[in-house]
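Let me begin by presenting the structure, written as structure tokens, before commenting on it.
The structure displayed is predicted, hence computed values, not measured ones.
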Amino acid sequence: MDIVAGRLKELRDSVGFSQAKVAELVGTTQASINRYEKGQSEPPLKTLLWYADTFDVSMDYIFGRTDQKQGTTYKAEPKVIEALTQTSDEVRQFVNMCFDPKSPMSSKLKEVLMEMLEEGRK
């Protein structure tokens, strides 16, 4: 909580706002902002989102998961959708129907898609 408290104070100070001004903008009291900045109470999600949006920082920054004000500490690398791999026979039928067998690219595209589906099952 100390990290969050420090980050909230730092963000407020960075633009020269008083606690009263932030409280007015957030829709809370100056006493609440003071407690958040001293780590005496946890700010609600609505308040944390206000700080993130207003100061253009990530929630990861506010929570101390990164020192970079923008961005995230991880890379989004979604896994193959499980439902897709579970119904691979249906997907294969769909892929077969999607390509015109007379097209010279049809067989190559179909081959690439089938390889991708197989890799997703591993």
Within a strict 4.5 Å, meaning less than it, do heavy atoms of the [X] and [Y] side chains meet?
X	Y	result
Leu25	Thr54	no
Leu49	Met59	yes
Phe63	Val4	yes
Pro44	Tyr36	yes

Please list all pairs passing the salt bridge (charged side-chain N to carboxylate O under 4.0 Å, His left out) test where one or both residues lie in residues 3-20, with sequence neighbours left out.
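Every pair satisfying salt bridge (charged side-chain N to carboxylate O under 4.0 Å, His left out) with a residue in residues 3-20: Arg7-Asp67, Lys9-Asp13, Glu10-Lys69, Arg12-Glu37.
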Show every salt bridge (charged side-chain N to carboxylate O under 4.0 Å, His left out) that has at least one partner inside residues 45-58, sequence neighbours left out.
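Listed once each, the pairs would be none.
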Listed partners of Ser14 passing side chain to side chain contact (heavy atoms under 4.5 Å, CB included), at least two apart
Phe55
Would you please name every residue forming a side chain to side chain contact (heavy atoms under 4.5 Å, CB included) with Ser18, sequence neighbours left out?
Ala20, Lys21
At what distance, to the nearest 0.5 angstrom, does [atom1] of [X] lie from [atom2] of [Y]?
X	Y	atom1	atom2	value
Thr29	Asn34	OG1	CG	9.0 Å
Ile33	Tyr51	CD1	OH	4.0 Å
Thr28	Gln19	OG1	CD	11.5 Å

Stepwise, does the side chain to side chain contact (heavy atoms under 4.5 Å, CB included) test hold for Leu11 with Ile62?
CA-CA 9 Å; Leu11 291 169; Ile62 290 174; 4.3 Å; yes
Please report the shortest heavy-atom distance between Ala5 and Gly39, naming the atom on each side.
CB-N, 3.6 Å
